Undergrad: 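Sharing a structure here in structure tokens format.
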Amino acid sequence: MERIILHIDMDYFFAQIEERENPQFKGKSIVVGADPKEGKGRGVVSTASYEARKYGIHSAMPISKAYQLCPKAIFLPVNMELYQKVSEEIMEIVKKYLPRSIPSESEGLLRGSPAFEQVSLDEAYLDLSFLKSYSKTEALATKLKNEILEKEKLTATIGIGPNKLIAKMAAEKAKPNGLLIIKPNQVKSFLEPLDIEDLPGIGPKTGEKLRVIGINPHTKSFGVGVNKIKELKKLSKEKLAEMFGVVGEAIYERARGIDEEPVSSEEIIKSIGKQITFEKDTRDSEIIFGNFEKMIKEVHDELKENNFSFKTITVICRFQGFETHTKSKTLKELTNNFAILKKEAKKLLLRFMIENPKLIRLIGLRVKIC
DNA sequence: ATTGAAGTACACG
DNA sequence: CTAACGCGTGTACTTCAAT
């Protein structure tokens with residue numbers, strides 16, 4: 001029983017919204033993210049318009065580097081409330097493309113039944129297996145793109161394939177303002193020429209480790225290394241499992257386009273937390289504990305809103321030089337008590353301050369929900 | 001032998 | 001001074017102690 005899965009991904013989402021709200025920015029280099037502060041900013045880029053990308057600027061890049069690459073770009077702060085509202089409107093449009101009655105999640109576990117899954121503010125999957133044909137799916141995708149453009153004045157890219165993995169990778173290849181359909185018999189030729197890091201789950205570290213396979217440490221001669229998915233497929237499941245554990249086994253399957261993950265809106269929150277990076281590395285207890293108390297309050301408020309209890313408290317501390325550590329404490333039993341959270345969290349942070357004299361860059365607090 | 005706690009590493013949007 | 005690197009969340013691994 002073959003499925004047909006659609007992945008929709010809004011193009012350069014935050015920056016595109018800013019363009020829409022400020023038409024005079026259209027065609028200019030826009031960088032949405034932290035304040036660059038004349039090159040001294042410590043945040044990162046959230047989204048860059050395609051004009052800005054021509055300078056090498058991209059998401060997650062340190063804002064200081066983005067500023068170096070193009071100081072004349074338009075740097076805008078993140079207006080999350082606005083993006084959230086636009087996201088809600090778009091997701092409402094996307095959901096309309098499912099049949100009127102979606103099987104309720106508990107009974108809708110049937111593989112291939114109509115389903116919607118939002119994965120971030122600007123990405124979602126639809127299980128459209130009920131359409132039974134790729135040509136009908138293509139027509140639906142075109143309509144969906146048009147409706148979003150008409151109603152929201154924003155472009156999106158859609159990928160379609162036999163599973164979530166292929167749908168997502170197709171969208172990635174087709175952006176911006178694209179539509180790419182990969183039918184089951186095209187999966188192999190679609191995947192093989194792609195870089196290993198195009199495969200979701202292979203990040204910089206895993207990619208690097210695969211790349212240096214084949215380097216003989218004795219002769220120092222460089223072997224071929226694994227750069228393309230075609231080459232990755234030559235590694236046995238056992239070899240990948242030895243190198244990367246269970247992740248390696250998943251990589252083996254994915255390199256072959258195999259992915260059985262259901263489209264499902266089931267999403268259970270398992271932890272909530274806050275973290276803050278200081279403007280300058282510091283040992284000032286006023287600054288450190290002032291911010292920490294505020295974070296404790298915020299975390300507790302979020303717990304209360306959702307009626308959550310916690311059992312494990314983790315405090316994160318990043319020191320000058322980016323050296324990051326965590327300390328955690330698991331309580332005897334579940335609680336939602338503010339005083340306990342405050343006392344235990346502060347104890348953990350205090351231990352950091354005692355054990356390590358370095359200047360502090362970041363502090364964080366996270367609680368595991370039960 | 002298994003489970004739980006603590007800590008680290010890596011990935012993703 | 002070839003480093004610059006947020007935030008929120010999830011999964012997996014390793015080590016050690018307790019059951």
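Order of the sequence lines sets the chain letters (A, B, ...), proteins ahead of strands, with each chain counted from 1. Just so it is clear, the structure is predicted and the values come from calculations on it, not from any experiment.
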Undergrad: Closest nucleotide of DNA chain C for A:Gly43 versus for A:Ile272: which of these residues is on the 5' side?
TA: A:Gly43
Undergrad: For A:Lys205, which contact category applies under a 4.0 Å heavy-atom criterion: base, sugar-phosphate, or nothing?
TA: sugar-phosphate
Undergrad: Look at the side-chain N and O atoms of A:Lys168 and state whether any lies under 4.0 Å from the OP1 or OP2 oxygen of B:dG13.
TA: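 For B:dG13, OP1 or OP2 has a side-chain N or O of A:Lys168 closer than 4.0 Å.
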Undergrad: Under 4.0 Å between a Lys/Arg side-chain N and an Asp/Glu carboxylate O for A:Arg256 and A:Glu253?
TA: no
Undergrad: Would the A:Tyr12 and A:Tyr50 ring centres measure less than 6.0 Å apart?
TA: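 Yes, ring centres under 6.0 Å apart.
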Undergrad: Is any NZ, NE, NH1 or NH2 atom of the basic residue among A:Glu192 and A:Lys228 found under 4.0 Å from an Asp or Glu carboxylate oxygen of the other?
TA: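 Looking at A:Lys228 together with A:Glu192, the answer is no, because their closest N to O distance does not fall below 4.0 Å.
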Undergrad: Separation of A:Glu344 atom CD from B:dA5 atom C1', in whole Å?
TA: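 In whole Å, B:dA5 C1' lies 14 Å from A:Glu344 CD.
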Undergrad: Take A:Lys95 and A:Glu92, measure what salt bridge (Lys or Arg N to Asp or Glu O under 4.0 Å) needs, and give me the verdict at the end.
TA: CA-CA 5 Å; A:Lys95 277 189 233 177; A:Glu92 283 311 310; 3.2 Å; yes
Undergrad: Looking for any heavy atom pair under 4.0 Å, which part of the strands does A:Gly364 touch: base, sugar-phosphate only, or nothing?
TA: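 Counting heavy atoms under 4.0 Å across all strands, no contact is made by A:Gly364.
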Undergrad: Taking the nucleotide of DNA chain C with the closest heavy atom to each, which residue, A:Ser59 or A:Gln68, is nearer the 5' end?
TA: A:Gln68
Undergrad: Return the orientation label for the A:His325 and A:Phe352 ring planes: parallel under 30°, perpendicular over 60°, tilted otherwise.
TA: tilted
Undergrad: Tell me what A:Arg366 touches on the nucleic acid: a base, only sugar-phosphate, or nothing, going by heavy atoms under 4.0 Å.
TA: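 Result for A:Arg366 = base.
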Undergrad: Assign A:Val246 to base, sugar-phosphate, or nothing according to its heavy-atom contacts below 4.0 angstrom with the strands shown.
TA: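 Sugar-phosphate only.
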Undergrad: Quick check on side chain to side chain contact (heavy atoms under 4.5 Å, CB included): which of A:Ile229, A:Asp195, A:Ile251, A:Val247 does A:Ile202 satisfy it with?
TA: A:Ile251
Undergrad: Write down the distance between CZ (A:Arg254) and C1' (B:dA11), rounded to a whole number of angstrom.
TA: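 In whole Å, B:dA11 C1' and A:Arg254 CZ are 11 Å from each other.
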Undergrad: Pick base, sugar-phosphate or nothing for A:Lys311, based on heavy-atom distances below 4.0 Å to the nucleic acid.
TA: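 Sugar-phosphate, backbone atoms only, no base.
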Undergrad: Counting heavy atoms not belonging to A:Glu286, are there more than 12 under 6.0 Å from its CD?
TA: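 No - once you tally the heavy atoms of other residues, nucleotides and ligands closer than 6.0 Å, there are 12 at most.
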Undergrad: Tell me: CD1 of A:Ile202 to C1' of B:dA9, nearest whole Å?
TA: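 For the pair A:Ile202 CD1 and B:dA9 C1', the rounded distance is 17 Å.
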Undergrad: Provide the distance between the two P atoms, one in C:dA4 and one in B:dG13, to the nearest whole Å.
TA: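 It works out to 25 Å between them.
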Undergrad: Please state how far atom CG in A:Leu210 lies from atom P in B:dA11, giving the value in whole angstrom units.
TA: 10 Å
Undergrad: Given the P atoms of C:dC5 and B:dC12, what is the spacing between them in whole Å?
TA: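 Straight-line distance between the two P atoms is 22 Å.
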Undergrad: Can a salt bridge be assigned to the pair A:Arg42 and A:Glu279 using a cut-off of 4.0 Å between side-chain N and carboxylate O?
TA: no
Undergrad: Rounded to whole angstrom units, what separation is found between the NZ atom of A:Lys368 and the C1' atom of B:dG4?
TA: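 After rounding, the reported distance stands at 11 Å.
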Undergrad: Taking OP1 and OP2 of B:dG7, is either one under 4.0 Å from a side-chain nitrogen or oxygen of A:Arg351?
TA: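 It does, given that an N or O in the side chain of A:Arg351 lies less than 4.0 Å from OP1 or OP2 of B:dG7.
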Undergrad: Please name the residue in the list A:Thr47, A:Asp11, A:Thr155 that meets the side chain to side chain donor-acceptor pair (under 3.5 Å) test with A:Gln16.
TA: A:Thr155
Undergrad: Among residues 312-330 of chain A, which ones have heavy-atom contacts with DNA chain B below 4.0 Å?
TA: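 When residues 312-330 of chain A is checked for heavy atoms under 4.0 Å from DNA chain B, the hits, listed by number, are A:His325, A:Thr326, A:Lys327, A:Ser328, A:Lys329, A:Thr330.
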Undergrad: Is A:Lys347 paired with A:Glu344 through a side-chain N to carboxylate O contact shorter than 4.0 Å?
TA: yes
Undergrad: Tell me, please, the opening and closing nucleotides of DNA chain C, 5' to 3', among those with an atom under 4.0 angstrom from a non-hydrogen atom of chain A.
TA: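 With heavy atoms of chain A under 4.0 Å away, the range is C:dA4 to C:dC13.
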Undergrad: What integer distance in Å separates A:Tyr12:OH from B:dG13:C1'?
TA: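 So the two atoms are 18 Å apart, to the nearest Å.
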Undergrad: Report which part of the nucleic acid A:Ile369 touches: base, sugar-phosphate, or nothing (heavy-atom distance under 4.0 Å, all strands).
TA: nothing
